[in-house]
Structures are given as structure tokens and as C-alpha cells.
Amino acid sequence: MSFEFFIGGRYLRAKQKQAFVSLITILSIAGVMVGVMALIVVIAVMTGFDADLKARILGGQSQIMLMRHGGGFKSYRSVMNSVENTKGVEAATPFIVTQGMLRSKSGAVGAVIRGVDPSTAGRVMKTLEQLSLPDFSGKKSSGQSTLQAPGIVLGKELARNLGVIEGDLIYLMSPHGMLSPIGHLPAMKQFKVTGFFQSGMYEYDQTFAFIHIKDAQKMLRMGDAVSGIDIRVTDIYRAREIADQITSKLGFPYWARDWMQMNQNLFRALKMERWVMAIILILIVLVAAFNIASSLIMLVMGKTRDIAILKAMGATNKSIRKIFVFNGMVIGAIGTVLGLCLGLLLCTLLKHYDIYELTGDIYYFTTTLPVKIEILWVLGIVTAALVICFQATLYPARQAAKLDPVEAIRYG
């Protein structure tokens, strides 16, 4: 052990004559600890929130949406074959999207209606794997002369707002109706509730309803046309690249958007929030760093005679600086390690115990606090804390090295 570290360790272990200096040291350690702990917990929660939100959005939404300028198109089968043969595409399914009004005995609610193909929709959107949409339209039920109502699948929150259960009949009204002598009449058709879906995204679950694509085509008088094609890819982070390949292959008038483009404002806001929170919480560590600087300045003032004697015995300015930098870094390292341990412990508790439950109508989804610890963020926080603490030691160490031994012994 070099003598700088030996003397620095003696200064740390020695009982301070001034209790105020010891109090500042304790507050410095506590400040660094609280700052590091808060940073780790907040960043872990926001990273978990971001990851959970992505998983829920991708579960109820395609990763690429292919559409055509000018509206629907009839040649969707050949387009689907071309899309599915593109490298990186896992599955594809046609869809029709429109807005409508759902009416039950309890009331009426606006909804986004999506016509889907039950045989392929579950391969693209995982929340629709158990989709129950028998195509009853135009078929007579056995032993009866009346037509049986086609099926409709509602989001859990949408069904709760309508006050319906499985097997109930509801009416779907669409603005795509027809002109009559008394004006424009909306199209209206009766559907039977055959199931519910729950994506975990409150906004989706209270807005979306799914019907068979053939029923949507008949109701909207689209013939054999569809609004677009939903696509699932093998690597979600290559979605934009794959979308560009598809549009290049098909050419104009086809266009595609990937999941990041469809939700870019949301994810950009989450990323900005995470950085803003990190900057704000770094201020806690900065306050603790000022405490470290104050503690070292007072320690230098109290050790003036010791410093003079060391310099008279041959200690260089560099050695004196090392002593006080070592003292400050030990204080910062203790606070950082304690904050790291407490932060990881609190993250583990939040992850495995339902300490706080989020409300679905306030937050994006109904769940408990999501937590995801990323090693790179943890290393970044620890490194930032240690760098700030190191910077805080430089001024007091420089002042200690500048002391004139003759003057210090004479007036110390």
C-alpha cells in the first residue's frame, strides 16, 4: 500500500474533532446513496413500462400494415402471396377497418370495427389466437327459416360499457349506408357476441370490435375488396427495413407503415421522459457531491499542520492531492454501492410483489408496476455517480496541494 492511501485511510478512520465534519460526511454518503437508488428504480420502472407497452401493442396490432392509395383493393390474394414470400415475413392476413356504432339494450358506444379472417388473423396478432368468428351470414340455422346472426368479438372494456355477455345480440350501425327518398340511411345489422379479447391495453380493449371479413365486405358493399394487409415479421426491429422491401417489390400505389411509425409519438415521449427523469435525479447526486467537496474542504482546514509536515518530509503536491481524492472517492464509492444494493433490492420487491396496482382508465394498461433492469443503464448510473464524486474532490485536493509548508507550520 502506498503511503498516500495509508494516510488517507487513517484520516477516514480517525475520529473527527469537529462533529460537523462527520455529519457532512454522513450526509454526503446518504445523498449519493439516495440519488443512485432513485435513479436505478425510476429507470428500471420506465424501461419496464416501455418494454411492457411494446409487448402489449404488438400483441394486439400488426407489426407492418400494408395499404393502397385510393382505398381498398381486390387483388389482395396475389399481394399476400408476394408479401409472404418476402424474407423476414412470418405471416400475413387481410383486414377491413371502419368506424361504427354498437347498440345494445344498455346503450350505444362508438367503436373501431375490424373485419378479419379468423383462419389467419391469430398468426399475425397473438391476442386473436382464440378468435371465435363463425361466418353465419347468409346461412340458415338447422330446422329454422330465419337467418342466424353473424358473430362479433368485443374488447373486454367495450363489452363492459355495452353491458353484454357472450350470446347477447347487438346492432352494428355503419355510416356506409344508402340514399333514400328521406335522405342517407346508415347500414344496420344484428350480430351475436361470440367472445371477448383482452390485449391489456385499456384504449384498445374499449375501442375495438372484430367481425368476419366476409360480413364486413357485405355490410360495407365492398365486394371482394379489403382495406389492407396486416403483416407479422420475425424480427420486430427490422420491421421498417422489411416494409421498405415489400413496397419496393409491389411498387406504387402500395404503401406500408411499421409499428414504430404507427406509435412513434408514444415511444418518443416515453424515451424523452426517461432521459428527463434521469437528468432530474442526477441533481440529487450533484447535491451530494457538493457535500463531499464541503467535507473535504473542512478536512483540509483541519489537517493544515499535517499537510505541512508531510510536504516538509518530501511529499509531493501529487501525493497530497491523491490523499484527499482518495478520501472523497471512498465516500462516493460507499454511497454508490449502498445505493446500488438498495436500488436493486427495491426493484426486486416491485417486480415480485404487487405493492402498487395501476388503474386501467388512467394508465395505458391495467397491471402492476412493470420493472426491467438493464445492465447498461445500471453501469451508466454507477459510472456517472463515481465521475461526479471524483470531480467534487478535485478542488479541495488542489487547495491542499497548494499549501506552503513554512506558512502552514508557522500559523497552523
Would you say the side-chain atoms of T194 pair up with the backbone N or O of G151, donor to acceptor, closer than 3.5 Å? no
Does the side chain of I152 come within less than 4.5 Å of L102's, by heavy atoms? yes
State, with a plain yes or no, whether a side-chain heavy atom of M219 is found less than 4.5 Å away from one of D215. no
V116 side chain reached by D230 side chain, heavy atoms, under 4.5 Å: no
Taking the side chain as everything from C-beta on, heavy atoms only, tell me whether T316 gets closer than 4.5 Å to S319. yes
Would you say the side-chain atoms of T247 pair up with the backbone N or O of A243, donor to acceptor, closer than 3.5 Å? yes
Closest contact, heavy atoms only, D168 versus G163: OD2-O, 4.4 Å
Euclidean distance, K189 NZ relative to M173 CE, rounded to 0.5 Å: 14.5 Å
Reported OG-to-CE distance for the pair S227 and M222, which is rounded to 0.5 angstrom: 4.5 Å
Rounded to the nearest 0.5 Å, what separation is found between the CD atom of Q399 and the CD1 atom of I320? 13.5 Å
Minimum heavy-atom separation for V36 and T336, please, with both atom names. CG1-O, 3.9 Å
Is the side chain of W377 donor-acceptor paired with the backbone N or O of I43 at a distance under 3.5 Å, no angle test? no
Which pair of heavy atoms, one from L154 and one from A209, lies closest together, and at what distance? CD2-CB, 3.7 Å
Between V41 and G343 the two heavy atoms that sit nearest each other are CG2-O, 3.8 Å
Is there a side-chain contact between I229 and E84 (heavy atoms, below 4.5 Å)? no
Value for CD1 (I236) from CE (M260), rounded to nearest 0.5 Å, stands at 7.5 Å
Pair C389, I331 - check side chain to side chain contact (heavy atoms under 4.5 Å, CB included), show working. CA-CA 8 Å; C389 293; I331 293 171; over 6 Å; no
Anything under 30° is parallel, anything over 60° is perpendicular, the rest tilted; go ahead and classify Y204 against F208. perpendicular
V83 side chain reached by I64 side chain, heavy atoms, under 4.5 Å: no
Could you please spell out the steps behind the side chain to side chain contact (heavy atoms under 4.5 Å, CB included) verdict for I388 and I282? CA-CA 9 Å; I388 291 171; I282 280 287; 4.0 Å; yes
Rounded to the nearest 0.5 Å, what separation is found between the CE atom of M125 and the CZ atom of F210? 5.5 Å
Show, in sequence, the C-alpha distance, side-chain angles and deciding distance for K192 and L169, and conclude whether the side chain to side chain contact (heavy atoms under 4.5 Å, CB included) test is met. CA-CA 5 Å; K192 181 180 180 181; L169 295 175; 3.8 Å; yes
Go through R103 and I170 one step at a time and tell me if the side chain to side chain contact (heavy atoms under 4.5 Å, CB included) criterion holds. CA-CA 6 Å; R103 183 167 64 83; I170 61 174; over 6 Å; no
Could you check if a side-chain atom of T93 sits within less than 4.5 angstrom of a side-chain atom of R123, using non-hydrogen atoms only? no
Check S62 against M262 and note the closest heavy-atom contact, atom names and distance. O-CE, 3.7 Å
Using modelled atom types and a 3.5 Å cut-off, is there a donor and acceptor pairing between side-chain atoms of Q63 and backbone atoms of D258? no
Partner of Y254 under side-chain contact (heavy atoms from CB on, under 4.5 Å), picked from R68, K249, M67, H69, is R68
Tell me whether I165 at atom CD1 has more than 12 heavy atoms from other residues, nucleotides or ligands lying less than 6.0 Å away. no
Measure across V226 and Q217 and return the closest heavy-atom pair with its distance rounded to 0.1 Å. CG1-NE2, 3.9 Å
State the CD1-CD1 distance between I26 and I334, to the nearest 0.5 angstrom. 11.0 Å
pair Y76-D224: side-chain heavy atoms closer than 4.5 Å: yes
